[in-house]
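What follows is one structure encoded as C-alpha cells, with my remarks underneath.
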Amino acid sequence: MGNERNCVNREYKDRLFKLIFREKEDLLQLYNAINGTDYGNPEDMEINTLEDAVYMGMKNDVSFLVKDILNLYEHQSTYSPNLPLRGLFYFADLYRKIMTGDDRDIYGSKQIQLPFPQFVVFYNGTRMQPERQVFHLHSAFPEGMNRGNAAIDCHAVMLNINYGQNREIMRKCRKLEEYSLFIEKVRENKKRKVSIREAIDRAVEECINEGILEKILRENREEVCSMLLSEYDEQAHIENEKKIAREEGIIKGRELMIQLVQYLQKDGRLRDLELLSDEDARKKLYQEYNLTE
C-alpha cells in the first residue's frame, strides 16, 4: 500500500493521453481522423502547448498548429459543461503567445490574420454521454439575453472515446482505439473486486500480450501505472467532495425548513397555508419570504 500511495503522489509532466500522442506522426493521424483530412507530413505541425497553463485544476493536454488551424485537444474523464470557459482562457493565452515578439500592431489599421481555432475534448468517463456534443459559452450567459449577440463566445466539441463509441474515428486512428481498449480492460478488471493497482497491472499485461499500445506500455510501464493511479485518486477525491457537499446541503435545507415551519406556527400563518393547494402554498412562501426554488 505504501508503494502504491507513493506512486499516486508522484508528479508527472504528462498524462497518459498526452504520452500516447506525444509523437507528431500519431497526433497528425488523430487530427486527420477527426477532420477527415489526409495530411501526410508531420513536420507541417507546430506544437505550441502552454506547459505552465492550469485552469480550474485541469492541465491542458496539447495544442498545435496545422496549416492555419489552431487546435486545442484535452482529455477528460469527468463531465463538465464549463469546457468553453476553459477554452476561452486558453485560447486567449495562445493568441497572446503567438503575438509576442511579432511585428503586429493590434492598434494598427491593418487587419491581423489569426489561425482558426478548434477545441476538441476526448471524453472517456463512466457517465453516459452521446458520441458527439457541442458546448457553447453563451449557454452560461443570463437567460432572456440575446446570447447570439454576445461580444464573446467559444465552443467545445466533446467526443466520447469509450470503447464502442465513434467507431469511424477509431478505425482511422489506431492509437486512439488502443487507448480506448486499454481503459476498458482496466475497468473490466476493476469489476473483479481487485485493487486499482492490480486492475491496472493486469490490463497492462493483457495489452502487451495482445499488441495493444505494446511499445508505450513496455517502455513506460511504471509511469503509465502512476499516471492512472493518480487520475483515479483525483476522481475519487472529487466524488468524495461532491458527496460531502450534497450531504451538507441536505442537512442545511432541513434546518431551514424546520426554522421556517416553527416561525409560521408562531406567526399563526401555518393554518392559512394548510387551506391552500401545494402549488399555491409554495408560491405564497416564495413571495412572502423572497425564496427561490
Side-chain angles (χ1 to χ4, degrees), residues 1-27 30 47 49-64 72-80 86 90 120-127 159-163 173-243:
M1 175 62 73
N3 290 337
E4 179 174 325
R5 180 54 55 188
N6 289 337
C7 200
V8 170
N9 290 333
R10 289 179 62 186
E11 292 184 359
Y12 285 91
K13 186 177 181 181
D14 298 328
R15 289 182 179 267
L16 179 55
F17 186 84
K18 186 175 178 181
L19 176 66
I20 292 172
F21 291 101
R22 64 182 175 182
E23 300 296 334
K24 283 187 174 182
E25 291 84 356
D26 297 320
L27 187 57
L30 179 60
I47 309 297
T49 305
L50 301 177
E51 298 294 349
D52 296 328
V54 179
Y55 295 112
M56 300 174 74
M58 301 304 296
K59 191 167 186 177
N60 167 252
D61 287 321
V62 63
S63 56
F64 59 97
L72 172 59
Y73 284 2
E74 271 196 13
H75 168 268
Q76 291 285 294
S77 54
T78 54
Y79 171 86
S80 173
R86 291 215 305 270
Y90 198 86
V120 181
V121 179
F122 301 90
Y123 171 81
N124 77 332
T126 55
R127 179 172 171 174
L159 300 176
N160 189 339
I161 59 168
N162 281 298
Y163 183 67
C173 184
R174 177 59 181 166
K175 278 282 174 66
L176 187 64
E177 183 179 34
E178 291 181 355
Y179 172 67
S180 176
L181 281 165
F182 174 53
I183 298 301
E184 180 68 14
K185 286 182 179 293
V186 172
R187 289 173 178 162
E188 287 299 318
N189 285 322
K190 270 191 66 183
K191 292 177 182 177
R192 299 187 176 98
K193 306 300 182 182
V194 299
S195 69
I196 183 58
R197 176 70 201 224
E198 187 174 350
I200 294 171
D201 281 337
R202 288 184 183 181
V204 168
E205 198 64 39
E206 291 169 8
C207 285
I208 289 175
N209 293 335
E210 296 173 24
I212 298 170
L213 297 178
E214 182 179 1
K215 186 173 185 294
I216 290 175
L217 294 178
R218 283 189 185 279
E219 294 178 356
N220 305 277
R221 183 166 187 153
E222 283 306 311
E223 188 176 359
V224 168
C225 289
S226 296
M227 288 175 182
L228 284 181
L229 281 169
S230 178
E231 184 172 319
Y232 274 101
D233 189 62
E234 288 176 9
Q235 290 176 19
H237 173 72
I238 291 171
E239 288 304 316
N240 187 54
E241 290 297 313
K242 288 181 179 179
K243 181 180 179 182

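Residue numbers start at 1 and run along the sequence shown. Just the heavy atoms: all of them, side chains too, but no hydrogens, waters or symmetry mates, feed the values below.
- In this structure, CZ in Arg202 is found 6.5 Å from CZ in Arg192, a value given to the nearest 0.5 Å.
- Annotation: side chain of Glu188 is in contact with side chain of Glu184 (closest heavy-atom distance under 4.5 Å).
- Formation of a donor-acceptor pair under 3.5 Å by the Ser180 side chain with backbone atoms of Leu176 is not found in this model.
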Should Ile20 and Glu178 be marked as a side-chain contact (heavy atoms from CB on, under 4.5 Å) after you check the CA-CA gap, both sets of side-chain angles, and the distance that decides it? CA-CA 10 Å; Ile20 292 172; Glu178 291 181 355; over 6 Å; no

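- Rounding to the nearest 0.5 Å gives a distance of 10.5 Å between CZ of Phe21 and CZ of Phe64.
- Side-chain contact between Leu213 and Val224: absent, with no pair of heavy atoms (C-beta onward) separated by less than 4.5 Å.
- A heavy-atom distance below 4.5 Å is not found between the side chains of Lys175 and Leu30.
- No donor-acceptor pair under 3.5 Å is formed between the side chain of Ser63 and the backbone N or O of Leu72.
- The environment of Tyr163 atom OH is sparse: at most 12 non-hydrogen atoms of other residues, nucleotides or ligands sit within 6.0 angstrom.
- Comment: Lys185 does not engage Glu205 in a salt bridge, judged by the lack of any side-chain N to carboxylate O separation of less than 4.0 angstrom.
- Between Ile212 and Leu217 the shortest side-chain heavy-atom distance does not fall below 4.5 Å.
- In this structure, Glu210 and Leu181 have side chains that are not in contact, with every pair of non-hydrogen atoms separated by 4.5 Å or more.
- In this structure, Tyr73 has its ring center no closer than 6.0 Å to that of Phe17.
- The CZ atom of Phe122 sits 11.5 Å away from the CD atom of Gln76 when rounded to the nearest 0.5 Å.
- When each of Val121, Ile161, Leu16 is checked for a side chain to side chain contact (heavy atoms under 4.5 Å, CB included) with His75, only Ile161 meets the rule.
- Between Ala199 and Val186, the shortest heavy-atom contact is CB-O, 3.8 Å.
- The CG atom of Leu19 lies 4.5 Å from the CE atom of Met227; values are rounded to the nearest 0.5 Å.
- Using a 4.5 Å heavy-atom cutoff, the side chains of Arg22 and Ile216 are not in contact.
- Atom-to-atom distance recorded for Glu223:CD and Leu228:CG is 11.0 Å, nearest 0.5 angstrom.
- Ion pairing between a basic and an acidic side chain is recognised when a charged N comes within 4.0 Å of a carboxylate O; Glu219 and Lys215 show such pairing.
- Heavy atoms only, all atoms of each residue included: Ser80 and Arg86 are closest at OG-NH1, 4.3 Å.
- A donor-acceptor pair under 3.5 Å is absent between the side-chain atoms of Asn189 and the main chain of Ile200, judged by distance alone.
- Atoms OG and CZ, from Ser226 and Arg197 in turn, are 6.5 Å apart once rounded to the nearest 0.5 Å.
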